[in-house]
Protein chains: 2
Amino acid sequence: MGMADATTARNDRAGIVEAALRILDTHGLGDLTMRRLAAELDVRASALYWHFDSKQVLLAALADRIVRAAEVADDASPAEVALALRDALLAHRDGAEVVLSTQALALGEDAPRRRLAEALARTLPQDDADRGAAILLPFVLGHASLVQQRLQAAELGVVPGDGADAADADFRHGVAVILAGLGAG
Amino acid sequence: MGMADATTARNDRAGIVEAALRILDTHGLGDLTMRRLAAELDVRASALYWHFDSKQVLLAALADRIVRAAEVADDASPAEVALALRDALLAHRDGAEVVLSTQALALGEDAPRRRLAEALARTLPQDDADRGAAILLPFVLGHASLVQQRLQAAELGVVPGDGADAADADFRHGVAVILAGLGAG
DNA sequence: ACCTGAACACCGTTCAAGT
DNA sequence: ACCTGAACACCGTTCAAGT
């Protein structure tokens, strides 16, 4: 005992979140059901409720996982932090929607705002930095959300789909405009 | 014939959307199901599919309805347009989520961005105005979305809930910062 | 500690048929 | 033109019981 062998391998929260991320990437949020997730883990849906109180808290853990991947140097500029966060959201199908929809619920989830505020605080008074983060964060979430929806609509052929390059330039411009407005270098 | 009398009154798209809005306000997006909406109209769920191809297009029509209520003078400033749009989103429970999640799908739904661009174009070259609207819109949607989630989480007692006044000041500050960054008066 | 089995109260959607 | 009835293939969640 101690080490789990292959036949007694059981699930933990991290592993379940990882499986959820796989389903998100391959099939999207609409197909991320408790039953499907359970099947991915060779288990019944009811087993998941031993690990998570509800689907909502599972999704909050998933949002955590997505956002945590936004790695950034300790001395990163505000623009770099915003870019990294945006990239983390766009790295997974429906990533922005998952994070946006659990932002208020996810208890460990003030990290993105804090990282933005930290970066801003290096050139701005703490107060201005906090308010600046409160502008940057909704912009990043809103922008990523709209971009991702457009991509998806384009895949379905609903809409032209003028490419991700335009969206990237757009995003960088937005961050620059907000930083200029804040008087941050 | 011509006029419908009480006993033969049947539903049209506008009336269905109005009923959907009532359910949204009183019970929230989670309870806005086709069956419940049908019950509100004294009809079976399948009847709704004569009027709308799917729940998604019904929600797109609902988003349209919510956004259309953002009335604004023809010569309104960009800040006034942004405020009016924000107010329209917050006027209905889960309004921001409904609009954000159907923004790309809703076919008649470029109106908010166009109104923002128009207002900006009075003090900015058309090109800058268009790019400015592409910054303001995600900020408005993202901010309203986060505010509404926090309100809801506060109602459930999950989180302190520091009031809507702070959120309003926050929003106005954000709009001012973005406009300053754009060099718009 | 972690999972199964079975059930409860639902979903969105389709489609023949009614009026 | 607009709706019913019935069905199909699902949902999230609970809970006793197993190991």
Side-chain angles (χ1 to χ4, degrees), chain A residues 1-20 23-24 26-63 94 97-98 101-102 105-106 152 156 158, chain B residues 1-20 23-24 26-63 94 97-98 101-102 105-106 152 156 158:
Chain A
M1 58 254 289
M3 306 296 320
D5 61 60
T7 64
T8 62
R10 269 154 148 75
N11 292 306
D12 59 1
R13 291 171 62 101
I16 292 171
V17 167
E18 228 48 48
I23 293 176
L24 194 69
T26 55
H27 297 96
L29 185 56
D31 283 348
L32 178 47
T33 69
M34 296 301 266
R35 288 166 201 270
R36 193 182 231 289
L37 176 55
E40 172 90 9
L41 296 162
D42 267 311
V43 114
R44 310 283 136 171
S46 52
L48 299 174
Y49 289 85
W50 194 91
H51 300 278
F52 295 94
D53 281 346
S54 67
K55 186 180 181 180
Q56 270 233 59
V57 342
L58 195 159
L59 287 177
L62 181 58
D94 297 324
E97 187 179 345
V98 169
S101 71
T102 60
L105 298 309
Q152 216 172 306
L156 291 163
V158 182
Chain B
M1 61 257 285
M3 306 295 319
D5 62 61
T7 64
T8 61
R10 272 155 145 75
N11 293 305
D12 59 1
R13 291 171 63 102
I16 293 171
V17 167
E18 228 50 46
I23 294 176
L24 194 68
T26 56
H27 298 95
L29 185 56
D31 284 347
L32 178 46
T33 69
M34 296 300 266
R35 288 166 201 268
R36 192 182 233 289
L37 176 55
E40 172 91 9
L41 295 162
D42 268 313
V43 115
R44 311 282 137 172
S46 52
L48 298 174
Y49 289 85
W50 194 91
H51 299 278
F52 295 94
D53 281 347
S54 67
K55 186 180 182 181
Q56 270 233 59
V57 341
L58 196 159
L59 287 178
L62 180 58
D94 297 325
E97 187 178 346
V98 169
S101 72
T102 60
L105 298 309
Q152 196 168 329
L156 291 164
V158 183

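As a basis for the values below, the full set of heavy atoms in this structure was taken, side chains included, without hydrogen atoms, waters or symmetry mates. Convention: sequence-line order gives letters A, B, ...; per-chain numbering from 1.
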Query raised in the report: Heavy-atom distance under 4.5 Å between the side chains of A:Thr102 and A:Val57, does that happen here?
Result: no

Report summary line: Checking D:dG12, C:dC11, C:dC3 against the side chain of A:Trp50 (C-beta onward), the nearest is C:dC3

Query raised in the report: Nearest-Å distance, CZ (B:Phe52) to P (D:dC3)?
Result: 12 Å

Requested in this report: Grab the CZ-P distance between B:Arg44 and C:dG12 for me, whole Å please.
Outcome: 16 Å

Query raised in the report: Could you give the CG-to-P distance, from A:Leu32 to D:dG12, as a whole number of Å?
Result: 8 Å

Requested in this report: Let me know the distance between NZ of A:Lys55 and C1' of C:dC11, rounded to the nearest Å.
Outcome: 12 Å

Query raised in the report: Could you give the OH-to-P distance, from B:Tyr49 to D:dC3, as a whole number of Å?
Result: 15 Å

Query raised in the report: Looking only at atom P, what distance separates D:dA9 and C:dC10, rounded to whole Å?
Result: 22 Å

Query raised in the report: Is there a donor-acceptor pair closer than 3.5 Å between any side-chain N or O of B:Asp94 and the backbone N or O of B:Leu29?
Result: yes

Report task. Using atom types as modelled and distance alone, determine if a side-chain donor or acceptor of A:Arg13 lies under 3.5 Å from a backbone N or O of A:His51. Result -> yes

Requested in this report: Would you indicate which nucleotide in D:dC3, C:dC11, D:dC11 comes nearest to any side-chain atom of B:Arg35?
Outcome: C:dC11

**Report entry** Close side-chain approach of B:Val98 and B:Leu32, heavy atoms under 4.5 Å
**Finding:** no

**Report entry** Straight-line distance of B:Leu37 CG to B:Met34 CE, nearest 0.5 Å
**Finding:** 6.5 Å

Query raised in the report: So, does the side chain of B:Ser46 form a donor-acceptor pair with the base of D:dG5 at under 3.5 Å?
Result: yes

Report task. Kindly point out which of D:dA7, C:dC3, D:dT4 is positioned nearest to the side chain of A:Arg10? Result -> C:dC3

Query raised in the report: At what distance, to the nearest 0.5 angstrom, does CZ of A:Arg35 lie from CZ of A:Arg44?
Result: 11.0 Å

Query raised in the report: Closer to the 5' end of DNA chain D via nearest nucleotide, is it B:Ala45 or A:Ser54?
Result: B:Ala45

Query raised in the report: Do the non-hydrogen side-chain atoms of B:Arg36 and B:Ile23 ever get within less than 4.5 Å of each other?
Result: yes

**Report entry** Stem list, DNA chain D (Watson-Crick or G-U pairing under 3.5 Å, at least 3 consecutive pairs)
**Finding:** C:4-8 with D:12-16, C:12-16 with D:4-8

Query raised in the report: Can you tell me how far C1' of C:dG12 sits from CG of A:Asp31, to the nearest Å?
Result: 14 Å

Query - N/O (side chain, B:His51) to phosphate O (OP1/OP2, D:dC3) under 4.0 Å - result: yes

Query raised in the report: Between C:dC2 and A:Asn11, is there an OP1 or OP2 to side-chain N/O distance shorter than 4.0 Å?
Result: no

**Report entry** Gap between atoms CG and P, on A:Asp12 and C:dC2 respectively (whole Å)
**Finding:** 8 Å

